[in-house]
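Here's the structure we're looking at; comments come further down.
Please read these numbers as outputs of a predicted model, since none were measured by experiment. Chain letters run A, B, ... following the sequence lines, proteins first and then strands; every chain starts at 1.
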Number of protein chains: 2
Amino acid sequence: MEKIRIVIVDDHQLICDGLSRIIQEIPEFEVITTYQNPIEALQKIPVWKPDILLVDFEMPGLNGLELIQKLKLEIPDLRSILLTMHLDKATVKEALSQGVNAYILKNLDEFELRIALEKVRNDQNYYSAPVTEVLNDKYKVIQKNSNSQLESLSNREREVLRLIAEAFSTKEIAHQLSVEISTIETHRKSLLRKLDVRNVAGLVRIAIQEGLVT
Amino acid sequence: MEKIRIVIVDDHQLICDGLSRIIQEIPEFEVITTYQNPIEALQKIPVWKPDILLVDFEMPGLNGLELIQKLKLEIPDLRSILLTMHLDKATVKEALSQGVNAYILKNLDEFELRIALEKVRNDQNYYSAPVTEVLNDKYKVIQKNSNSQLESLSNREREVLRLIAEAFSTKEIAHQLSVEISTIETHRKSLLRKLDVRNVAGLVRIAIQEGLVT
DNA sequence: ATTTTTCTCCCTGTTTTCGGGGAGAAAGAA
DNA sequence: TTCTTTCTCCCCGAAAACAGGGAGAAAAAT
């Protein structure tokens, strides 16, 4: 039987090794390589043609979701599992809309990972309980603790906030989103008003607190 | 032969599982239990009487170093290995003075972990290369890349960075420190240059990453 | 004792942010 | 349908940030 070929991307070597060990114990899967640098991963993964990509969300330079998005352009049928430290509704939604096949938290156990792998192997999706709870607005407590402040923002505003926190200039953001600079300035003003802070420093703090960026 | 009994503490279950796997492959060692909650670990570890404690530094509630310190009060001859994401000179020094037996980075590989375990088993200490380099101030480059980006800053600059990240305006910072606005502007320019970022957003991110502010 | 770094302050000038508006088109909700 | 929100873009002006430089006094390192 052909084994399912997996590539792991996590900026910490030790984590890569640990995840590899867990996966190697499952006969149907094999880890063919791992990357610690998301930029390097982006360049080299296409030649490996993996079946499933297991990616950490929090990485320097390029986050896991961005990496998946970019790789999907080259490998359209790539299946992906996103691993994350924190739970953020906006990110979860974004991940789902980008066709991420599974989304699991690092504070879950290996069985959760096995289930996710098994599901993704069978072309199904898997989102762990806390993830779906966040999406279903069931546990308001979790939501409140995780991203209450961002709740008042529109999707566009959240996106702009993320980019501001990534230290992009207004001009760059406008270019990235293909709109006028004045539009981004308007969004920024709305963000300052809605989040009740006085400058970008305040915006960045909230964005990081809410897990919008790392 | 008696196996060396290890307890792992890391707030992420998946990381605990991964580390366990790596260690279980080494015949001399066995992981007897793992904890995700440092508070729970503090209460229950004494009854396990482990030989070696493998602890993540970055944990909510109680960091790894604090946990080791507190446990040492109850188990004076406990040996410990500290795992960390980032490298901070002050923390390394504190760890050494507290008698932490090994200090390794998560972005290192499993062989590093094996070496550390072997050393600690033989009542020796182990500090991975980047750690000792930080202490010796030899490899400034590695310092810059791994952590202590703050290491290159003067005390004054760190203070100004903290205040910027707290979302204070330049005028307010100048007033608080009883210096001219131009002085703070000079400090800010130095910060941008030394930390290699382009705007306050970048400064705030680093300040938060380095734990200068929350 | 000499050199280097730090802290302080200043200059000039450009770019960006911030605060206050207004306004039209489109999409969704009531 | 009407009302509301969102997204877009514009105006203005004041304030702040950014970029490049210089410079002296004090402190720290060598």
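- Distance NZ (B:Lys189) to P (C:dG13): 15 Å, rounded to an integer number of Å.
- Under the 3.5 Å distance criterion, with hydrogens and angles disregarded, no donor-acceptor pair is assigned to the side chains of A:Ser169 and B:Arg198.
- Using a 4.0 Å heavy-atom distance criterion, A:Arg198 is classed as a sugar-phosphate-only contact.
- Within 4.0 Å of B:Ser190, counting heavy atoms only, lies no atom of the nucleic acid at all.
- Distances shorter than 4.0 Å separate none of the side-chain N or O atoms of B:His187 from OP1 or OP2 on C:dC7.
- With rounding to whole Å, A:Leu163 atom CG is found 17 Å from C:dT16 atom C1'.
- B:Glu58 and B:Thr84 are linked by a side-chain donor-acceptor pair at a separation below 3.5 angstrom, with hydrogens and angles left out of the test.
- When heavy atoms are screened at a 4.0 angstrom cut-off, A:Lys171 is found touching the sugar-phosphate backbone but no base atom.
- Rounded to whole Å, atom P of D:dA16 lies 15 Å from atom CZ of B:Phe168.
- Annotation: of the two residues near DNA chain C, A:Thr170 and B:Leu177, the 5′-most nearest-nucleotide partner is B:Leu177.
- One interatomic measurement links the two molecules: CG of B:Asn199 to P of C:dT16, which rounds to 11 Å at whole-angstrom precision.
- Taking side-chain N and O atoms only, B:Thr183 has no distance below 4.0 Å to OP1 or OP2 of C:dC7.
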Quiz prompt | Step-by-step side chain to side chain contact (heavy atoms under 4.5 Å, CB included) determination, A:Leu195 to A:Leu161 | solution = CA-CA 11 Å; A:Leu195 299 176; A:Leu161 173 59; 4.0 Å; yes

Practice problem: Evaluate the criterion side-chain hydrogen bond (donor to acceptor under 3.5 Å, both in side chains) for residue pair A:Glu159 and A:Asn155; output intermediate values, then yes/no. | Solution: CA-CA 6 Å; A:Glu159 192 171 14; A:Asn155 291 332; over 6 Å; no

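- For the pair B:Glu185 CD and C:dG13 C1', the computed distance is 13 Å after rounding to whole Å.
- Below the 3.5 angstrom threshold, one finds a donor paired with an acceptor across the side chain of A:Thr186 and the base of D:dC9.
- For the pair B:Ala201 and A:Ser154, nearest-nucleotide mapping onto DNA chain D gives the more 5' position to A:Ser154.
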